[in-house]
K.L.:
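I have a structure I would like to understand better, so I am pasting it below and will then ask my questions one at a time.
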Amino acid sequence: MAKEGIHTRADNYAQWYLDIVEQADLAEPSGVVRGAMVIKPTGYAVWEAIQRGLDQRIKATGHVNAYFPLFIPQSFLQKEAEHVEGFAPEVAVVTHAGGKELEEPYVVRPTSEAIIGHTYARWIQSWRDLPILINQWANVVRWELRPRPFLRTTEFLWQEGHTAHATEAEAETETLRILHEVYADFVENVMAIPLYRGLKSRRETFAGALRTYAIEAMMQDGRALQAGTSHNLGQNFARAFEITYQTPSNEREYVWTTSWGASTRLIGGLIMVHSDDDGLVLPPRLAPIQVVVVPIFKNDSERATVMAAIERITAPWQGKLAFKIDDRDHLSPGFKFNEWELKGVPVRVEVGPKDVQKDSVAIARRDVPGREGKSFVPQAGLTERLVALLDEIQQSLFDRALAYRNQRTVDVRTYEELAAAVEQGFARAYWDGNDADEARIQEELKATIRVIPFDQPETAGTCVLTGRETTKQVLFARSY
RNA sequence: CGGGGUGUGGCGCAGUUGGUAGCGCGCGGCGUUUGGGACGCUGAGGUCGUAGGUUCAAAUCCUAUCACCCCGACCA
């Protein structure tokens with residue numbers, strides 16, 4: 001049963017998504033800038049939680065933060081052939097400033113390989129300067145033709161890591177390390193989103209990269225969302241920007257670079273993996289508010305005793321739980337229940353006159369809607385109970401999403417099976433096709449190779465399209 | 001770029017054969033309420049996207065223009 005103002009997922013999935021974004025107060029379309037959104041405090045708090053988790057892992061793996069300019073001379077972007085070609089259609093260009101036309105236009109960064117490559121060329125002289133391990137938190141602009149809040153916006157927030165290494169092996173290790181230890185670790189353990197990890201096909205590789213690795217998640221409509229990418233750029237950008245170093249034996253060599261990014265799109269994935277027809281569902285480890293307390297009273301004297309009880313009950317929560325006491329007194333409890341469910345708070349605690357009398361409270365878990373998720377428990381031991389409950393919810397959200405994903409990931413042997421499979425989820429298939437074959441699948445089935453998983457089969461099979469024998473398996477899906 | 005749609009109080013909409021703007025929600029005040037989206041009274045709030053034209057008179061008719069939204073091709 002859906003709430004007021006929310007379409008059901010079954011009825012209209014795309015509209016349901018937009019309703020959640022709006023009703024949970026995460027963001028709203030700017031209304032004046034095409035494809036751009038205002039991220040509201042509730043939504044931004046989620047982003048801050050994502051930033052914290054990623055930033056912590058980025059630093060734990062030896063990186064430091066820095067900041068590079070928003071504007072990039074147009075010519076910089078053009079130095080790497082594939083890179084220009086890949087981004088040209090979607091860059092915004094500044095042609096006028098200071099009241100006159102610029103000598104050379106600036107592009108608003110769609111990503112920062114160019115300006116950072118230019119900078120690294122000056123910073124790197126010797127093998128002793130390597131590796132350079134830098135990350136930046138920034139906004140970027142890509143003029144998307146079909147925007148959707150969080151999933152694809154004209155301007156979005158992200159982090160982009162840019163590293164330079166002496167050897168190809170080091171760059172490759174870095175690329176994979178970020179994928180596993182930063183992105184996958186955070187997304188699975190904090191966001192409770194199960195992932196497929198692997199290599200991108202050539203067609204899906206980042207413009208200018210040697211290899212792109214990605215984590216892919218399945219949404220509740222069976223479509224795929226790329227949740228993070230890590231690129232081994234080889235020496236392509238080093239050549240384009242003349243980033244060289246002297247080896248110990250005094251040779252001049254090009255460096256090997258990597259780049260990797262995760263964006264506010266993660267919030268879109270979060271919504272589409274966990275949320276339901278009642279609103280947003282936040283995993284406890286990510287939730288800005290983990291427990292909300294709703295007081296219930298009929299008059300001022302009841303109000304006083306209930307608030308005093310809440311004061312006492314929540315005192316030991318300090319430092320253990322992120323909680324909020326909803327003491328707004330012009331709203332009915334029922335309204336508050338609905339509102340906090342809409343906003344995805346994992347646990348609600350209700351305290352009323354009866355609870356004060358019986359030394360109890362009512363607790364409701366967001367991941368189990370309705371009466372089933374509500375129970376009355378003693379006040380004694382409540383803190384420990386809540387801490388344990390949050391862990392349980394975290395685990396249960398992940399398990400549920402994993403079961404859903406596995407159930408909708410099917411092995412296919414024929415083209416017909418592939419066509420049917422991508423209607424409802426992911427298709428795992430043996431694949432020996434080329435770029436043109438892949439393009440044909442996209443044309444006909446609207447599905448692409450999301451990832452060539454690291455986990456590959458022991459035995460050979462026949463390619464779903466060409467019928468040739470191969471040991472390579474890929475995952476096909478329609479994607480956001 | 002193609003196809004479709006919409007611009008009227010904060011939001012959602014109505015506005016008839018042209019006659020000078022109305023409803024719901026929300027918002028402010030007061031009172032009663034409060035264990036699953038409360039109610040009454042009262043009040044504030046709009047140069048009808050913009051520019052031009054027709055007319056005694058335009059939200060309404062005409063022309064131009066701008067913007068946003070939805071559907072497809074490109075994408076973190």
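Predicted, not measured: the structure shown is a model, and the values here were computed from it. A, B, ... follow the sequence lines: proteins, then strands. Residue 1 opens every chain.
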K.L.:
Are A:Phe76 and A:His118, when compared by the centres of their aromatic rings, separated by less than 6.0 Å?
P.N.:
yes
K.L.:
Verify the distance criterion only: is there a donor paired with an acceptor across the side chains of A:Glu85 and A:His83 at less than 3.5 Å?
P.N.:
no
K.L.:
Establish, for the pair A:Arg211 and A:Trp260, whether the NZ or CZ atom is under 6.0 angstrom from the six-membered ring centre and no further than 45 degrees off its axis.
P.N.:
no
K.L.:
Please work out which of the three classes, parallel, tilted or perpendicular, describes the rings of A:Phe454 and A:Tyr213, given edges at 30° and 60°.
P.N.:
tilted
K.L.:
For a quick test of reading the model: is some side-chain N or O of A:Arg146 closer than 4.0 Å to OP1 or OP2 of B:C71?
P.N.:
yes
K.L.:
Parallel, tilted or perpendicular: which fits the ring planes of A:Phe241 and A:Phe237, with parallel below 30° and perpendicular above 60°?
P.N.:
parallel
K.L.:
Answer with base, sugar-phosphate or nothing: what part of the nucleic acid does A:Gly352 contact at a heavy-atom distance below 4.0 Å?
P.N.:
base
K.L.:
Within the 4.0 Å heavy-atom criterion, would you say A:Ala362 contacts the bases, only the backbone, or no part of the nucleic acid?
P.N.:
base
K.L.:
May I have the distance from A:Asn12 (atom CG) to B:C70 (atom P), rounded to whole angstrom?
P.N.:
12 Å
K.L.:
Rounded off to whole Å, could you give me the CD1-to-P distance for the A:Ile6 and B:G12 pair?
P.N.:
17 Å
K.L.:
Can you tell me the Watson-Crick or wobble partner of B:C13, both distances under 3.5 angstrom?
P.N.:
B:G22
K.L.:
A:Arg348 near the nucleic acid: base, sugar-phosphate alone, or nothing, with a heavy-atom cut-off under 4.0 Å?
P.N.:
base
K.L.:
Go ahead and name the base partner of B:U6; Watson-Crick or wobble counts if both distances stay under 3.5 Å, otherwise write none.
P.N.:
B:A67
K.L.:
Is any N or O donor-acceptor pair between the side chain of A:Glu339 and the base of B:G37 shorter than 3.5 Å?
P.N.:
no
K.L.:
Using the six-membered ring for Trp and the full ring for Phe, Tyr or His, decide whether A:Phe335 stacks on the six-membered base ring of B:A38 (centres under 5.5 Å, planes under 30°).
P.N.:
no
K.L.:
Tell which nucleotide pairs with B:C61, taking only Watson-Crick or G-U wobble pairs whose two distances are both under 3.5 angstrom.
P.N.:
B:G53
K.L.:
Could you tell me how far apart A:Glu341 (CD) and B:G37 (C1') are, to the nearest whole angstrom?
P.N.:
10 Å
K.L.:
May I ask you to evaluate whether A:Ser332 reaches the phosphate of B:A38, defined as a side-chain N or O under 4.0 Å from OP1 or OP2?
P.N.:
yes
K.L.:
Looking only at side-chain N and O atoms, does A:Thr258 offer a donor or acceptor that is under 3.5 Å from a partner on A:Thr175?
P.N.:
no
K.L.:
If I pick the C1' atom on B:G49 and the same atom on B:U60, what distance separates them, to the nearest angstrom?
P.N.:
16 Å
K.L.:
Check if the side chain of A:Lys374 and the base of B:G36 share a donor-acceptor pair of N or O atoms closer than 3.5 Å.
P.N.:
yes
K.L.:
With respect to the side chain of A:Glu90, which nucleotide from B:G35, B:C75, B:A76 is positioned closest?
P.N.:
B:C75
K.L.:
Just to be sure I understand the rule, does A:Leu151 reach a base, reach only the sugar-phosphate, or reach nothing, if contact means heavy atoms closer than 4.0 Å?
P.N.:
base
K.L.:
Looking at B:G43, which nucleotide sits across from it as a Watson-Crick or G-U wobble partner, both distances under 3.5 angstrom, or is there none?
P.N.:
B:C27
K.L.:
Quantified in whole Å, what is the C1' atom distance between nucleotide B:A44 and nucleotide B:G28?
P.N.:
7 Å
K.L.:
Determine the contact category for A:Ser259: base if any of its heavy atoms lies under 4.0 Å from a base atom, sugar-phosphate if only primed atoms, P, OP1 or OP2 are that close, otherwise nothing.
P.N.:
nothing
K.L.:
Please work out if A:Asp355 contacts a base, only the sugar-phosphate, or nothing of the nucleic acid, heavy-atom cut-off 4.0 Å.
P.N.:
base
K.L.:
Using the P atom in both, what is the distance from B:G29 to B:U65, to the nearest Å?
P.N.:
48 Å
K.L.:
Taking a pair as Watson-Crick or G-U wobble with both distances under 3.5 Å, which nucleotide is matched to B:C1?
P.N.:
B:G72
K.L.:
Let me know the distance between CD of A:Glu144 and C1' of B:C74, rounded to the nearest Å.
P.N.:
7 Å
K.L.:
Could you tell me how far B:C61 sits from B:G15 if I compare only their C1' atoms? Round to whole Å.
P.N.:
16 Å
K.L.:
How many Å lie between CD on A:Glu155 and P on B:A76, as a whole number?
P.N.:
18 Å
K.L.:
Decide, yes or no, whether a salt bridge links A:Asp435 with A:Arg203 under the criterion of side-chain N to carboxylate O below 4.0 Å.
P.N.:
no
K.L.:
In whole Å, what is the span from the CD atom of A:Gln226 to the P atom of B:C75?
P.N.:
11 Å
K.L.:
Roughly how many Å apart are B:G26 and B:C11, using the C1' atom of each and rounding to a whole number?
P.N.:
7 Å
K.L.:
Rounded off to whole Å, could you give me the CD-to-P distance for the A:Glu28 and B:G12 pair?
P.N.:
11 Å
K.L.:
Once you apply the 3.5 Å cut-off to both distances, tell me the Watson-Crick or G-U wobble partner of B:G35, or none.
P.N.:
none
K.L.:
Considering only the C1' atoms, how many Å lie between B:U8 and B:A21, rounded to the nearest integer?
P.N.:
9 Å
K.L.:
When all nucleic acid strands are considered with a 4.0 Å heavy-atom cut-off, which category describes A:Lys336: base, sugar-phosphate, or nothing?
P.N.:
nothing
K.L.:
Identify whether any heavy atom of A:Glu302 sits under 4.0 Å from a base atom; if not, whether one sits that close to sugar-phosphate; answer base, sugar-phosphate or nothing.
P.N.:
nothing
K.L.:
Using purine N1 to pyrimidine N3 plus N6-O4 or O6-N4 for Watson-Crick, or N1-O2 and O6-N3 for G-U wobble, both under 3.5 Å, which nucleotide pairs with B:C48?
P.N.:
none
K.L.:
Sticking with atom P, work out how far B:G53 lies from B:U42, rounded to a whole angstrom.
P.N.:
45 Å
K.L.:
Whole-Å distance between B:C75 P and A:Leu225 CG?
P.N.:
15 Å
K.L.:
Can you tell me whether the side chain of A:Arg142 and the base of B:C75 have a donor-acceptor pair closer than 3.5 Å?
P.N.:
no
K.L.:
Which atoms form the tightest heavy-atom contact between A:Glu216 and A:Val451, and what is the distance?
P.N.:
CG-CB, 4.2 Å
K.L.:
Could you work out the separation of B:G22 and B:U63 based on their C1' atoms and round it to a whole Å?
P.N.:
29 Å
